[in-house]
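Quick caveat, the model's predicted, so the values are computed rather than measured. Quick note on labels: first sequence line is chain A, next is B, and so on, each numbered from 1.
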Amino acid sequence: MKSEPETFGIAELERMGTSPWDGVRNYTSRNFMRAMAPGDRVLFYHSNASPSGIAGLAEVARTAYADHTSWDPASPYFDAKSSPANPRWSMVDVRFIRAFPRLLALDELRRVPELTGMLLFHNTRLSVTPVATPCMDIILRLAAS
DNA sequence: GCCAACGTTGGC
DNA sequence: GCCAACGTTGGC
């Protein structure tokens, strides 16, 4: 799951413990969130950063529910086509597990042959993408090395 | 700040 | 339902 660290980074999640992952306004990403189950591991990716990359590990704490920021006119994520009666957008809750001792930069990840199939590299505009278990294991091992 | 990729909108 | 125009994301 991607977030711009200037807006919401791994440090904020650590401070909060558990946080709603609100503001996703892309159907593909929303659907990936709807498919998540509590306990699913989440890689926290810092986008639009220098460098961008994976900053830590979290987990899904609550299955998808309506993203109420979508009908809040004061929210930057407001969507006039969403309402409490007809919520268009969803979010999950995410719980902090750990920050990696070092950032796994996009550049480094791209050079790992076993990871080349990751949707992260192929649809760079998706803020939520699934990670295959073998990729997850490789990444967690990289983070520990 | 530029630009490529791509999702969304809306006219027809 | 097509597709051009436009907006957004995100790497660099």
Side-chain angles (χ1 to χ4, degrees), chain A residues 1-16 18-36 40-143 145:
Chain A
M1 301 180 88
K2 297 184 189 176
S3 180
E4 301 192 10
E6 290 202 7
T7 309
F8 185 83
I10 189 91
E12 278 74 37
L13 183 62
E14 178 166 21
R15 193 147 34 72
M16 295 177 70
T18 299
S19 170
W21 200 274
D22 60 359
V24 173
R25 296 294 178 265
N26 167 284
Y27 290 107
T28 306
S29 294
R30 181 201 68 180
N31 294 342
F32 285 142
M33 281 200 298
R34 287 183 175 178
M36 291 176 175
D40 282 354
R41 292 173 296 177
V42 172
L43 295 169
F44 195 124
Y45 181 92
H46 282 175
S47 60
N48 255 316
S50 44
S52 295
I54 302 172
L57 181 69
E59 68 178 347
V60 175
R62 180 179 170 186
T63 48
Y65 58 107
D67 182 345
H68 55 80
T69 64
S70 65
W71 58 75
D72 174 5
S75 168
Y77 307 123
F78 177 69
D79 177 356
K81 290 175 181 157
S82 184
S83 67
N86 243 324
R88 169 177 295 215
W89 302 111
S90 300
M91 60 188 178
V92 295
D93 286 354
V94 167
R95 180 186 300 123
F96 176 84
I97 295 182
R98 64 176 176 273
F100 290 161
R102 64 188 185 89
L103 184 92
L104 299 178
L106 180 62
D107 175 60
E108 175 182 357
L109 295 170
R110 278 191 194 279
R111 281 188 271 107
V112 180
E114 295 86 349
L115 300 180
T116 50
M118 286 184 71
L119 199 50
L120 174 70
F121 306 134
H122 297 105
N123 192 338
T124 58
R125 300 177 70 249
L126 281 181
S127 65
V128 181
T129 52
V131 179
T133 305
C135 295
M136 175 66 80
D137 293 341
I138 288 166
I139 289 165
L140 292 181
R141 241 181 290 127
L142 269 179
S145 67

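Atom C1' of nucleotide C/dT8 and atom OH of A/Tyr77 are separated by 13 Å, given to the nearest angstrom. One atom, CG of A/Asp107, and another, C1' of C/dG10, lie 15 Å apart when rounded to the nearest Å. To the nearest angstrom, C1' of B/dA4 lies 10 Å from CZ of A/Arg125. In this structure, the CD atom of A/Glu4 is 8 Å from the P atom of C/dT9, given to the nearest Å. Whole-Å rounding puts the A/Arg88 CZ to B/dT9 P distance at 7 Å. Put simply, CZ on A/Phe121 is 11 Å from P on C/dG11, counting in whole angstrom units. A/Leu126 has its CG atom 10 Å from the P atom of B/dT8, to the nearest Å. In this structure, the CG atom of A/Leu106 is 10 Å from the C1' atom of C/dG10, given to the nearest Å.
Ring pair A/Trp89/A/Tyr27: centre-to-centre distance below 6.0 Å.
Side-chain atoms of A/Asn48 lie closest to C/dG10 of the nucleotides B/dT8, C/dG10, B/dC6. Which of C/dG10, C/dG11, B/dT8 sits closest to the side chain of A/Tyr27 comes down to B/dT8. Taking only side-chain atoms of A/Lys81, from C-beta outward, the nucleotide of B/dG7, C/dG10, B/dT9 with the closest atom is B/dT9.
From A/Glu59, atom CD reaches atom CZ of A/Phe44 across 14.5 Å, with rounding to the nearest 0.5 Å. Here A/Arg95 contributes atom CZ and A/Ser19 contributes atom OG; the two are 12.0 Å apart, rounded to the nearest 0.5 Å.
Within the 4.5 Å cutoff, side-chain heavy atoms of A/Asp93 are placed close to those of A/Pro20.
Contact between the side-chain N/O atoms of A/Tyr45 and the OP1/OP2 oxygens of C/dT9 is not found at any separation under 4.0 Å. Remark: A/Lys2 is not in phosphate contact with C/dT9, judged by side-chain N or O atoms under 4.0 Å from OP1 or OP2. An OP1 or OP2 oxygen of C/dG11 is reached within less than 4.0 angstrom by a side-chain nitrogen or oxygen of A/Ser52. Phosphate proximity of B/dG7 to A/Asn123: present, with a side-chain N or O under 4.0 Å from OP1 or OP2.
Remark: A/Asp137 does not engage A/Arg141 in a salt bridge, criterion side-chain N to carboxylate O under 4.0 Å.
Within 4.0 Å of A/His46, counting heavy atoms only, lies no atom of the nucleic acid at all.
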